[in-house]
Amino acid sequence: MRLIDRHAQTSRYRHLPAAEKLIAATGAMAVALTAESFLVEAAVLAAAVALLTLGARVGPRDLWRAARVPVGFVLAGSLAQATSLSLHGGLPSLAWPVGSLEPAAFVALRSLACIAALLGLALTTPLADLLHLLRRGGLGRELGDIAFLMLRIIWVTLDCLTEGLRSQANRLGFVGYRRSLRSLGLLLAALLPRTLGRARRLETGLAARGYDGALCFLRQEQPVSALRLGMILGGLAALATLARLGA
Amino acid sequence: MHIMEGFLPATHCVGWALASAPFVAAGAVRIRRVVRQHPEVKLLLGASGAYVFVLSALKLPSVTGSCSHPTGTGLAASLFGPTVTTVLSAIVLLFQALLLAHGGLTTLGANIFSMGIVGPFVAWGLYRGLSAAGASLAVAIFFAAALGDLSTYVVTSFQLALAFPDPAGGVAGAAGKFLGVFAVTQVPLAISEGLLTVVVMNLLGKYSAGELSALSVLSRRSA
Amino acid sequence: MLELAGVSYSYPGAVRALDGVDLAVRPGEKLAILGANGAGKSTLLLLLNGSLRPAAGEVRLHGAPARYDRAALADWRRAVGLVLQDPDDQLFAATVFEDVSFGPLNQGLGEAEVRERITEALETLRIAELADRPTHMLSFGQRKRVALAGIVAMRPEVLLLDEPGAGLDPLGVAHLMAALDRLSGRGTTIVLTTHDMDLAYGWADRIAIFGEGRVAAAGSADAVFEDADLLKRLHLRRPLVWEVGRLLGSRGLLPDDAPLPRTRRQLLELLQAGDEDAAARLAG
Amino acid sequence: MLELAGVSYSYPGAVRALDGVDLAVRPGEKLAILGANGAGKSTLLLLLNGSLRPAAGEVRLHGAPARYDRAALADWRRAVGLVLQDPDDQLFAATVFEDVSFGPLNQGLGEAEVRERITEALETLRIAELADRPTHMLSFGQRKRVALAGIVAMRPEVLLLDEPGAGLDPLGVAHLMAALDRLSGRGTTIVLTTHDMDLAYGWADRIAIFGEGRVAAAGSADAVFEDADLLKRLHLRRPLVWEVGRLLGSRGLLPDDAPLPRTRRQLLELLQAGDEDAAARLAG
């Protein structure tokens, strides 16, 4: 749960402006989604993985742990896409239709490229930095504030959840299916009032600091650099050109 | 079940984003109105959203022995009402994409549609409908949560089928395939989620009536 | 400057937490409010900064009865800062710098001034190196200091702290108390609650003993700790340093001219000095 | 009976929390693990009851290497009970009775046996009168004791407690330690972590000093507190009672035949006795 956040908070690229990283990641995804050549998808994937491992110095083990779940989904989904379901004499049977493998493999590769681009953003950029961009970019004051509060309370609540699960495990709360469900039910039912109570106390705590309904704070952020932005756009343009040539 | 980054073609990404946008916008407008009337609700919403996020990060045991995450849409919809749940789910899905790499930015619209719109509205509708039809609270909650979860998964399969129709069976055949691939884990999981939600709502109703009434400012239709 | 006169308060559906409290905070003093867990110390602080409104009695600020309208509360909180016991109830932003900027910005200060306030507050708490760190990855002791910095940056006249030492190890407590001494040196009035008698004894100018819903005794440490029966009734005990110092003094084992020790360090130094005295006498 | 051999552990993406810890818990003993906040004491307890799995090294239970499959973990937790620091994370049920029943019911005991266990656990903690009370209406000290009762009712051989005294006032600590003494008297092995040196000194048979990721020293209190440099390096300080006792002893101010005081009470009694001795001598 905290793996990606820990990398983001300690990344070498953490202090680069979030806008630059967001443009690079979403730009790479846009190229990958619109390209139709294996080569371009592979190039996006390779570039993102290289930036993550060599540039941001994310270890291969952590990278795999961050990518495990989405990669599993992509494999299962592409498998379903490649096979064909037909009913012969009432029994369903699976087949590998000719020519179905290539499009499925392409979608899988495209998805891996986009996942790598997403991780390139997520593993180097604290979520709060991206929320700032969103708040400035039209999310609106109310929703922006709510999203910030959510992020803060999530960390506190996750600690409670971890300790609660631990405590229940210590008391053998997860021996068997019925007990597990009952334990989780007890935990979630106890967690809701606790979380809402936290909101009430936070209200008192913030009121003591002059809170009047709006969350305002000063940010320390590097300005966007024209040089880096140029390099990012240049790289994206090269990929896009490659896509056009390949098509 | 989230559709991962890059799995849907660009046109589908845009399409589902457009389909979800009005629901999210309607929810956002409502939240803005409630927050302006009751400023203290802002913190309540932040805490509620955090709860939904943490809920969806929980590992749920399933009768088959496998573990997976609940969608939480049934519980969230019965606590916060479907409109607010849509907005909170949208933020949760964004957070999941960026904190867990579950789901994605390009597939956000599609995932909001299945988990933030269809799931909560199905759960809410069933809950109201079954209650009105005289079902017991437990029965209404169980079907609302289980089918809320299941509907999310059906919609996701349909979204995938639309993107990748089967050469022989078309969209329907493809939907069958995708439903089949994920059914092994999803159906038992939906049952678990239904049962869990019954346990939670039962306990909350008994011991946390005060908190539930504090939340009614979010779910009340007149607000 | 800040005064409670006959203040009572009850939480809905619960027993009376405060029952006719009289307490006056004097400008520039270091006041410790001592009481057992659950005695109502936190409630008292919440009343002192206007977060709660008394059911009976009156809170006075600079001599005038406090008002609870928006503008009055804003002024009140500018003058009186409250640091809660659990730092997670006061922190909301993603980084330390952002979080500390919240109070000063709410005071309507300009950006340059806010930056200066943040730098100064972090410096006072000796946590300048944390400015850039995410709040959710700090240790408990660090979060405590950041929450305090968030109030210090607002430069209140009076600083209220609820159990500032709770959950901290001795080093953490020492850091925190050193920061409070720096603030006090600059003229800030400081009021804290604690159940650590030794902490209060070593630090406070004046001590208020709180129990059974009211202030049972207030005054100098020596006067307050004299009443053994009262302390016993309120489930409090005397500071160990006080007890040992008294006993040693009564046996003539401390240098006659030295005042009674108030801190662990003073006590140990006096004992060692006594050692050397004795050694000197033997040698002489 | 419970042993760590060369155990290391790191949290994902963070610095190494434990780095080659060796520690053996002896049957029936009262062991205090001392260390500053953030030294990794909680991590150590989590490894001792199988909640965390070492990255390197081995945990041994009754002499055999611990296994981490479901059945083995269940047996492990039956034998080794862990009480976490914050009671709020550990109480789920609506009433004290229900909450304490959670563990015994999960052990598969019959209703009569469960009732007996609950009664006994509440009795041991001296909170029988709280049985029907809603958990959320208890004081902090009461919640701490209920959380402990929830584990005690499972009758573990070894009881692990993380910072049992944290946040409690002196009376609360005294109640809790008295309950631990009752359990110890019945043969339960007890291991606790704390940063309160005086608490550890007054209570433990044996003390392990924990810092820099490993057990830096373990043994009797007197042996362990001798090493001033080590304590300083780990940001720990000696118990005040130890320091005062030593200094008084070295000045010959304590009765010769009496052992050095280990608790506040013993220290004060010795000082008072000395007073009377002196008085007797003067009168004689």
Side-chain angles (χ1 to χ4, degrees), chain A residues 1-11 14-15 18 125-133 135 144-160 162 194-195 197-222, chain C residues 42 45-46 48-52 70-71 73-78 80-112 114-115 117-118 131-138 143 147 150-151 153-154 156 160 162:
Chain A
M1 177 72 227
R2 292 167 188 271
L3 176 83
I4 291 181
D5 177 64
R6 255 200 201 106
H7 276 284
Q9 301 290 359
T10 53
S11 171
R14 178 187 160 199
H15 292 292
T125 317
L127 180 48
D129 292 4
L130 294 168
L131 288 183
H132 280 289
L133 285 182
R135 186 147 85 152
D145 282 359
I146 289 166
F148 269 110
L149 288 167
M150 264 174 76
L151 186 56
R152 170 75 199 137
I153 300 175
I154 279 173
W155 299 122
V156 184
T157 310
L158 267 180
D159 284 339
C160 295
T162 311
R194 272 193 85 186
T195 312
R198 161 94 39 211
R200 262 195 308 276
R201 292 198 306 277
L202 194 57
E203 172 123 46
T204 308
L206 293 183
R209 302 169 66 188
Y211 174 66
D212 63 352
L215 296 176
C216 47
F217 44 88
L218 269 191
R219 297 232 338 126
Q220 285 182 306
E221 199 180 22
Q222 272 191 42
Chain C
S42 309
L45 292 189
L46 290 171
L48 278 174
N49 99 322
S51 293
L52 296 177
R70 229 187 149 107
L73 277 176
D75 282 344
W76 192 343
R77 277 150 190 179
R78 228 176 279 265
V80 181
L82 167 63
V83 184
L84 300 176
Q85 180 175 350
D86 185 348
D88 292 331
D89 291 339
Q90 212 146 13
L91 302 179
F92 78 98
T95 74
V96 171
F97 184 91
E98 289 169 19
D99 199 90
V100 177
S101 73
F102 179 71
L105 281 176
N106 284 334
Q107 289 179 309
L109 302 172
E111 197 184 310
V114 172
R115 283 183 189 278
R117 295 284 190 97
I118 299 172
D132 201 30
R133 293 272 290 280
T135 38
H136 69 274
M137 284 173 71
L138 301 174
R143 292 205 299 281
I151 298 292
M154 298 171 73
L160 311 173
D162 197 6

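To find a chain, count down the sequence lines: A is the first, B the second, and so on, and within it residues start at 1.
Distance CG/A:Leu218 to CD/C:Glu111: 5.0 Å, rounded to 0.5 Å. Distance check: C:Gln90 CD to A:Leu206 CG gives 7.5 Å after rounding to the nearest 0.5 Å. Once rounded to the nearest 0.5 Å, the distance linking CG of C:Asp132 with CD of A:Gln9 reads 9.5 Å. Atoms CG and CZ, from C:Asp86 and A:Arg201 in turn, are 6.5 Å apart once rounded to the nearest 0.5 Å.
Of the atoms belonging to C:Leu82, heavy atoms from both backbone and side chain fall under 4.5 Å from chain A. Both the backbone and the side chain of A:Asp212 come within less than 4.5 Å of a heavy atom of chain C. Proximity to chain C (any heavy atom under 4.5 Å) is shown, for A:Leu151, by neither the backbone nor the side chain. Neither the backbone nor the side chain of A:Leu131 comes within less than 4.5 Å of any heavy atom of chain C. With a 4.5 Å cut-off on non-hydrogen atoms, C:Val83 does not touch chain A at all. For A:Arg200, no part lies under 4.5 angstrom from a heavy atom of chain C. Residue C:Thr135 touches chain A through both its backbone and its side chain, counting heavy-atom pairs closer than 4.5 Å. Only the side chain of C:Arg70 comes within contact range of chain A, with at least one heavy atom under 4.5 Å from a heavy atom of that chain. Using a 4.5 Å cut-off between heavy atoms, A:Ala199 does not touch chain C at all.
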Could you go through A:Arg152 and C:Asp88, starting from their C-alpha distance and side-chain angles, then the distance that decides it, and tell me whether this counts as side-chain contact (heavy atoms from CB on, under 4.5 Å)?
CA-CA 9 Å; A:Arg152 170 75 199 137; C:Asp88 292 331; 2.8 Å; yes
In sequence, state the C-alpha distance, the side-chain angles, and the governing distance for C:Asp89 and A:Thr204, and then conclude on side-chain contact (heavy atoms from CB on, under 4.5 Å).
CA-CA 8 Å; C:Asp89 291 339; A:Thr204 308; over 6 Å; no
Would C:Asp99 and A:Phe217 count as a side-chain contact (heavy atoms from CB on, under 4.5 Å) here? Give the steps.
CA-CA 7 Å; C:Asp99 199 90; A:Phe217 44 88; over 6 Å; no
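In terms of heavy-atom proximity, A:Arg14 sits nearest to C:Pro134 at NH1-CD, 4.3 Å.
Taking the six-membered ring where tryptophan is involved, the planes of C:His136 and A:Trp155 are essentially parallel, since the angle between them stays under 30° and well short of 60°.
When C:Leu91, C:Val114, C:Thr95 are compared by the number of non-hydrogen pairs under 4.5 Å with chain A, C:Leu91 comes out ahead. When each of C:Gln107, C:Arg77, C:Glu98 is checked for heavy-atom pairs under 4.5 Å with chain A, C:Glu98 comes out on top.
At least one donor-acceptor pair under 3.5 Å links the side chain of C:Asn106 to the backbone N or O of A:Arg209.
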